[in-house]
Amino acid sequence: MPELPEVEMCRRFLAQWGAGKRIEDVIADDDSAIRTHLSTKPSDAVPGGLNKLQDALVGQVAGEPIRLGKRLGWPIGTHGLMLHLGMTGRWRTATQAPRWGRLGLHFEGGQTAWFIDPRRFGCVALVEGSQMLELLGAGLGPDALIEPPTGGQLAAALRGKRALKVALLDQRIVAGLGNIHAVEALWRAGIHPAIPCNALTAAAADALALAIPKQLNWALQEQGGDEDLVYVTDGGDNPFAVYGKEKEPCSKCGTAIEKSVMGGRSTFWCPSCQPIS
DNA sequence: ACAGATGTTGATGT
DNA sequence: TACATCAACATCTG
């Protein structure tokens, strides 16, 4: 379920469960989640990946995981374990292998952290520790929370005439935004999602630069240290301003929220708060 | 029952 | 260049 806030929460949990602890066992029924690099493709699975992971990690002490955008890198001994949650991935502790548990890291003291990923879009990849940071950042723009770009930097990166909202999903521009928070940040900034990047004014770029970390910090607070993630689907409660609110009144002005598909993803906006020009 | 949509992201094709 | 589409997969909703 991850955009940046969920990945950051995941990082904190992994640190809590594993940092400073020795790995006693690595468990997987099916090691197809273990890939040569962070890749959504099952064909990038490492042959005999489980054995390689065991050889590299068992007996080693885990460090503090690092997050860049939606990626995590976990230094363990002389290695690094890179993690991506894909679309439905999460990490939880469990004593037994949970349903869709793809990989378990058993730490000294009895705790096992499990990578649970029903749709298998997520993965892990073992790399040399000395290479981990570089690989983690490869192809990513500045992290939306760690080094939030200024309006000027955003405007410089947002070239061409593609729709602004589509560009915000491009991790090379800014790393960490996904569909929901891109849509919500645009609402906060009062900018229509469909405007071409090159139509973004300096003032709007400044507003967007402020709205992005504001949105992500809000989401992080909503997660509130609980393991449960804030999302629309279960329970029926929708904590967002426009996402999933087609035809509902805007919380600021009461105008009906509109929806269309942009870049293949559902996009929502308030036509009054987010005028096209 | 079935079609369509769901938090990601890369590879293709027009 | 920039688009849409598909491909990985499991589940839920209308």
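Labels below follow one simple rule: chain letters A, B, ... track the order of the sequence lines, proteins then strands, and each chain is numbered from 1.
Look at CD1 on A:Ile116: it is 16 Å from C1' on B:dG7, rounded to the nearest Å. The CD1-P distance, from A:Ile180 to B:dT9, rounds to 13 Å in whole Å. Distance, A:Asp117 CG to C:dA10 C1': 10 Å, rounded to whole Å. Look at CZ on A:Arg120: it is 18 Å from C1' on B:dG7, rounded to the nearest Å. For the pair A:Leu72 CG and B:dT9 C1', the computed distance is 16 Å after rounding to whole Å. Regarding A:Glu246, its CD atom lies at a distance of 15 Å from the C1' atom of B:dT6, rounded to whole Å.
The shortest distance between the side-chain N/O atoms of A:His84 and the OP1/OP2 oxygens of B:dT8 is not below 4.0 Å. Contact between the side-chain N/O atoms of A:Gln171 and the OP1/OP2 oxygens of B:dT8 is not found at any separation under 4.0 Å. Taking only side-chain nitrogens and oxygens, A:Arg265 comes nearer than 4.0 Å to OP1 or OP2 of B:dT8. Close to B:dT6, at under 4.0 Å from its OP1 or OP2, lies a side-chain N or O of A:Ser266.
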Would A:Ile23 and A:Phe107 satisfy side-chain contact (heavy atoms from CB on, under 4.5 Å), going step by step from the backbone distance to the final call?
-> CA-CA 4 Å; A:Ile23 290 181; A:Phe107 290 96; 3.5 Å; yes
With salt bridge (Lys or Arg N to Asp or Glu O under 4.0 Å) as the test, would you mind laying out the steps for A:Arg162 and A:Asp170 before giving the verdict?
-> CA-CA 11 Å; A:Arg162 71 173 160 166; A:Asp170 183 342; 2.7 Å; yes
Go through the steps for A:Trp17 and A:Thr112 under the test side-chain contact (heavy atoms from CB on, under 4.5 Å), then give the verdict.
-> CA-CA 8 Å; A:Trp17 300 330; A:Thr112 305; over 6 Å; no
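Using a 4.5 Å cut-off on side-chain heavy atoms (C-beta onward), A:Leu140 and A:Arg172 make no contact. A:Ile27 is not listed as a side-chain neighbour of A:Leu105, based on a closest heavy-atom distance of 4.5 Å or more. Contact check for A:Leu57 versus A:Glu24: no side-chain heavy atoms found under the 4.5 Å cut-off.
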Going 5' to 3' along nucleotides 1-7 of chain C, which nucleotides have protein heavy atoms under 4.0 Å from the base (write B), which only from the sugar-phosphate (write S), and which from neither (write -)?
-> -SSS---
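A:Trp100 does not qualify as a stacking partner of the C:dA10 base, lacking a centre-to-centre distance under 5.5 Å together with planes within 30°.
The side chain of A:Arg99 approaches C:dT11 more closely than any other nucleotide in the set C:dT11, B:dG7, C:dA10. When each of B:dG7, B:dT9, C:dA10 is scored by its nearest atom to the side-chain atoms of A:Lys70, the top-ranked nucleotide is B:dT9.
Nucleotide B:dG13: paired with C:dC3 (Watson-Crick or G-U wobble, both distances less than 3.5 Å). Summarising the base pairing, B:dG7 is matched to no nucleotide, lacking a Watson-Crick or G-U wobble pair whose two defining distances lie under 3.5 Å.
Between B:dA1 and C:dC9, the distance separating the two P atoms is 24 Å to the nearest Å. Here, B:dT8 and C:dT1 have their C1' atoms 23 Å apart, quoted to the whole Å. C:dA8 and B:dC2 are spaced 22 Å apart, taking the C1' atom of each and rounding to whole Å. Rounded to the nearest Å, the gap between the C1' atom of C:dC3 and that of B:dG7 is 23 Å.
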Distances for protein N/O vs nucleotides 12-14 of chain B N/O pairs under 3.5 angstrom?
none

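Checked for salt-bridge contact, A:Arg67 and A:Glu8 meet the test: a charged N lies under 4.0 Å from a carboxylate O. Here A:Arg102 does not pair with A:Asp31 in a salt bridge; the nearest charged N to carboxylate O distance is not below 4.0 Å. Ionic pairing of A:Glu64 and A:Arg11 is present here: one or more N-O contacts between side-chain nitrogen and carboxylate oxygen are shorter than 4.0 angstrom.
Taking 3.5 Å as the limit, the base of B:dT6 and the side chain of A:Arg119 contain a donor-acceptor pair of atoms between them.
Remark: of the listed residues A:Glu184, A:Lys165, A:Arg265, A:Lys165 is the sole one forming a side chain to side chain donor-acceptor pair (under 3.5 Å) with A:Asn179.
Around atom CG of A:Asp29, no more than 12 heavy atoms belonging to other residues, nucleotides or ligands sit under 6.0 Å away.
Distance check: A:Leu208 CG to A:Thr150 OG1 gives 11.0 Å after rounding to the nearest 0.5 Å.
Taking the ring axis of A:Trp187 as reference, the NZ or CZ atom of A:Lys245 does not stay both within 45° of it and closer than 6.0 Å to the ring centre.
Contacts with DNA chain B (heavy atom under 4.0 Å) in residues 41-48 of chain A: none are found.
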